[in-house]
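In what follows, a structure is listed as structure tokens, so that the remarks can point back to it.
Computed from a prediction, not measured in an experiment: that's the story for all the values here.
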Amino acid sequence: MNGTTNGSIFTRLAHMIVQVALLIGIWWACDVAVHLLHLPLSGGVLGLGVVLALLFSGMLRVDRVKMGAQLLLTEMILFFIPAVVAIVRYQDLLLQSGVKLMALIVIGNACVMFLTAFAVEAIVRRGGPGRGLPVAPQEQPA
């Protein structure tokens with residue numbers, strides 16, 4: 001292996017670590033704000049709103065968080081392992097309130113998917129170099 005390959009791997013790894021740290025820092029700051037201000041939502045939800053606001057305003061470019069966000073999304077299953085353990089431990093709760101919990105899960109997931117689709121669509125419509133997602137090249141008819 002040559003030095004360029006090692007350098008680019010270490011550079012990519014460093015960028016990824018910095019990007020994940022940035023996203024975690026935003027989440028942490030928003031979590032602290034939620035607790036201090038006694039807001040009726042989680043730090044993660046507020047953090048998502050802050051990241052979206054920063055992306056829409058242009059203060060944060062997608063390429064500054066893309067690799068870190070991709071890493072977090074690809075390893076997301078690790079974040080759900082505690083939820084599976086909780087389901088096994090609290091079976092009585094599920095038997096008593098299972099229908100209500102399932103309704104909340106379905107409605108919550110639908111809201112997250114709708115808001116994510118809305119945000120992605122808005123970013124894609126903004127387009128342009130360095131802003132939002134890159135626009136796919138148009139194919140020329142043969």
- [ ] Using the salt bridge (charged side-chain N to carboxylate O under 4.0 Å, His left out) rule, collect all pairs that involve residues 18-34, keeping only residues at least two apart or in two chains.
- [x] none
Is there a path of hydrophobic side-chain contacts, each under 4.5 Å between heavy atoms of I/L/V/M/F/W/Y residues, joining [Y] to [X]?
{"X": "Ile17", "Y": "Trp28", "answer": "no"}
{"X": "Leu23", "Y": "Val18", "answer": "no"}
{"X": "Leu101", "Y": "Val99", "answer": "no"}
{"X": "Leu13", "Y": "Leu22", "answer": "no"}

Between atom [atom1] of [X] and atom [atom2] of [Y], what is the distance when rounded to the nearest 0.5 Å?
{"X": "Asp63", "Y": "His15", "atom1": "CG", "atom2": "NE2", "answer": "10.5 Å"}
{"X": "Leu60", "Y": "Leu55", "atom1": "CG", "atom2": "CG", "answer": "5.0 Å"}
{"X": "Trp27", "Y": "Leu72", "atom1": "CH2", "atom2": "CG", "answer": "12.0 Å"}
{"X": "Leu48", "Y": "Ser42", "atom1": "CG", "atom2": "OG", "answer": "9.0 Å"}
{"X": "Met67", "Y": "Gln70", "atom1": "CE", "atom2": "CD", "answer": "8.5 Å"}
{"X": "Cys30", "Y": "His35", "atom1": "SG", "atom2": "NE2", "answer": "11.5 Å"}

Open item on the list: Restricting to non-hydrogen atoms, name the atom on Leu46 and the atom on Leu39 that form the minimum distance, rounded to 0.1 Å.
Closed with: CD2-CD1, 4.2 Å
Listed pairs under 3.5 Å, donor-acceptor, residues 103-121 side chains, sequence neighbours left out:
residue : atom : partner : partner atom : Å
Asn109  : ND2  : Ile105  : O            : 3.3
Thr116  : OG1  : Val112  : O            : 2.7
Glu121  : OE2  : Arg125  : NE           : 3.0
Glu121  : OE2  : Arg125  : NH2          : 3.1

